[in-house]
Amino acid sequence: MNTIKTMLLMALLMGVLVAVGGAFGGQQGATIMLIISLGINFFSYWFSDTMVLKAYGAREINESQAPELYNLVKKLAERAELPMPKVCIINSDVPNAFATGRSPSHAAVAVTTGIMRALNYEELSGVLGHELSHVKHRDTLISTVAASIAGVISWIANMAQWAAIFGTGRSSDRDDNGGAIGLLFTIIVAPIAAMLIQMAISRSREYEADESGGRICGNPLYLASALEKIEYYATHARPMEDATPATAHLFIINPLKNAHMTFASLFSTHPATEERIRRLREQAREMK
């Protein structure tokens, strides 16, 4: 059901992008936006992983540099029937982790130095199991494409706002169905809708990765315990350096969480941690 839900949400998000093009530029604008969306998908497929790893200064390591971490990833990848991903370390005291890559054969798992200190071996296995689940189900590519499309919609909305201020853009004289309604849709409704859809996609994938990650690591309680610790640091410590809203959805817990505590859960990239932990504990009881 989560997969079907994600596919429907992605289709809806692309539909919003095309509708924005139609509202702002008529049929020609809709066609242009469709082409742009295909271009975004192509660019995200090939380059998103490299860009994200560079943005956080992630350093790829081999077995000799961090044997315990490397061998843990290797063991879990074998259990998940995945190729061995690249293993990267981010120099940050904030405990967190993410996975990226366009496919299981081109994937990377990145952890912070903070999470390696804060979690024990079992808890770290839960986190890595969660991230490998994202790799297995190609969630990283889906989330990146969704974020890219939502970003383009927001950019178009900003451009439409300036066009309205200076009296340029599509004229209602040429199309009676355009005008004020189309402009309001482009400036106000579309970016909010795009953001909500993107957040819904991200939350849906997190629940599935938790469940699958609990099976990969062997005990959902390992991940539940890890989430409790990471949540504490996320809400009581300073936000992670270099973290941005555009990439926050990749992390196991939002690295900007304490900067967004006033936002409603509807606008969150991640489900409530308490609910994630509750589901994992329920999963552990069912596995006994």
Side-chain angles (χ1 to χ4, degrees), residues 1-10 48-49 52 72-73 75-83 85-88 95-112 115 119 122-147 197-231 234 247-255 257 265 268-284 286-287:
M1 285 301 298
N2 273 334
T3 301
I4 295 172
K5 179 181 177 182
T6 300
M7 291 175 63
L8 292 173
L9 288 169
M10 285 296 294
S48 62
D49 55 341
V52 171
L72 178 56
V73 174
K75 181 179 75 172
L76 294 172
E78 290 174 351
R79 187 179 295 173
E81 300 181 341
L82 286 169
K86 291 190 291 186
V87 182
C88 301
N96 224 315
F98 69 84
T100 187
R102 62 182 183 268
S103 67
S105 58
H106 297 86
V109 174
V111 300
T112 64
I115 203 172
L119 304 187
E122 292 178 339
E123 291 165 340
L124 188 57
S125 73
V127 169
L128 292 171
H130 172 100
E131 298 307 332
L132 289 172
S133 175
H134 279 313
V135 171
K136 190 178 183 71
H137 297 102
R138 300 175 187 261
D139 293 338
T140 54
L141 177 61
I142 292 170
S143 298
T144 301
V145 171
I197 295 168
Q198 179 202 347
M199 302 304 181
I201 291 171
S202 179
R203 291 194 298 272
S204 177
R205 306 319 296 168
E206 288 301 314
Y207 278 134
E208 186 164 323
D210 283 345
E211 181 182 359
S212 178
R215 292 194 300 270
I216 291 172
C217 73
N219 189 336
L221 295 180
Y222 297 166
L223 178 55
S225 178
L227 289 176
E228 283 186 310
K229 288 185 178 180
I230 301 171
E231 171 76 6
T247 56
H249 64 279
L250 292 174
F251 288 86
I252 191 166
I253 283 183
N254 190 342
K257 190 175 183 68
S265 60
S268 174
T269 56
H270 294 65
T273 305
E274 295 79 5
E275 176 61 16
R276 295 172 68 183
I277 292 171
R278 185 196 68 77
R279 293 189 182 202
L280 286 164
R281 287 173 176 167
E282 179 63 27
Q283 181 185 356
E286 292 174 355
M287 289 175 62

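In this text, all values refer to a predicted model and were calculated from it rather than measured experimentally.
- Inter-residue side-chain proximity for P85 and V73 is flagged as met; some heavy-atom pair is nearer than 4.5 Å.
- Across all their heavy atoms, L250 and A99 have their closest contact at CD2-O, 4.1 Å.
- A heavy-atom distance below 4.5 Å is not found between the side chains of L119 and P95.
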>> Under the criterion side chain to side chain contact (heavy atoms under 4.5 Å, CB included), I'd like the reasoning laid out for H130 against D210: C-alpha separation, chi angles, the key distance, then a yes or no.
In response: CA-CA 6 Å; H130 172 100; D210 283 345; 2.8 Å; yes

> Could you walk me through whether R215 and E286 pass the salt bridge (Lys or Arg N to Asp or Glu O under 4.0 Å) check?
Replying inline: CA-CA 12 Å; R215 292 194 300 270; E286 292 174 355; over 6 Å; no

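- Of all the heavy atoms in N254 and A248, the pair that sits closest is OD1-CB, 3.4 Å.
- Put simply, the side chain of I252 reaches to within 4.5 Å of the side chain of R276, judged on heavy atoms.
- Summarising the geometry of G129 relative to L76, their closest heavy-atom pair is N-CD1, 4.0 Å, with the distance given to 0.1 Å.
- Two residues are said to be in side-chain contact when any heavy atoms from C-beta on lie closer than 4.5 Å; N96 and V111 fail this criterion.
- Using modelled atom types and a 3.5 Å distance limit, the side chains of S103 and H106 yield a donor-acceptor pair.
- One side chain, E206 or H134, offers a donor N or O that lies under 3.5 Å from an acceptor on the other.
- Looking at every heavy atom in both residues, A97 comes nearest to E131 through O-OE2, 3.5 Å.
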> What do the steps show when you test Y222 against L280 for side chain to side chain contact (heavy atoms under 4.5 Å, CB included), and what is the final call?
Replying inline: CA-CA 9 Å; Y222 297 166; L280 286 164; over 6 Å; no

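- Formation of a donor-acceptor pair under 3.5 Å by the R79 side chain with backbone atoms of I216 is found in this model.
- A cation-pi contact, defined as under 6.0 Å to the ring centre and within 45° of the axis, links R279 to Y207.
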>> Please determine whether salt bridge (Lys or Arg N to Asp or Glu O under 4.0 Å) holds for the pair R278 and E275, giving the CA-CA distance in whole Å, both sets of side-chain angles, and the decisive distance to 0.1 Å.
In response: CA-CA 5 Å; R278 185 196 68 77; E275 176 61 16; 2.8 Å; yes

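- Atoms OG and CG, on S133 and D139 in that order, are 6.5 Å from each other to the nearest 0.5 Å.
- Using a 4.5 Å cut-off on side-chain heavy atoms (C-beta onward), L124 and L72 make contact.
- A 4.5 Å side-chain heavy-atom check between N219 and E122 finds every atom pair outside the cut-off.
- Heavy-atom minimum distance, L82 versus P104: CD2-CB, 3.8 Å.
- Here the side chain of K136 pairs a donor or acceptor atom with the backbone of A80 at under 3.5 angstrom.
- Counting only distance, with no hydrogens or angles, the side chain of H270 and the backbone of F251 share a donor-acceptor pair below 3.5 Å.
- Listed here is the closest heavy atom pair of I253 and L227: CD1-O, 3.7 Å.
- Between R138 and E208, no side-chain nitrogen of the basic residue sits less than 4.0 Å from a carboxylate oxygen of the acidic one, so the salt-bridge criterion is not met.
- Remark: side-chain polar atoms of E231 are not paired, donor with acceptor, to backbone N or O of T273 under 3.5 angstrom.
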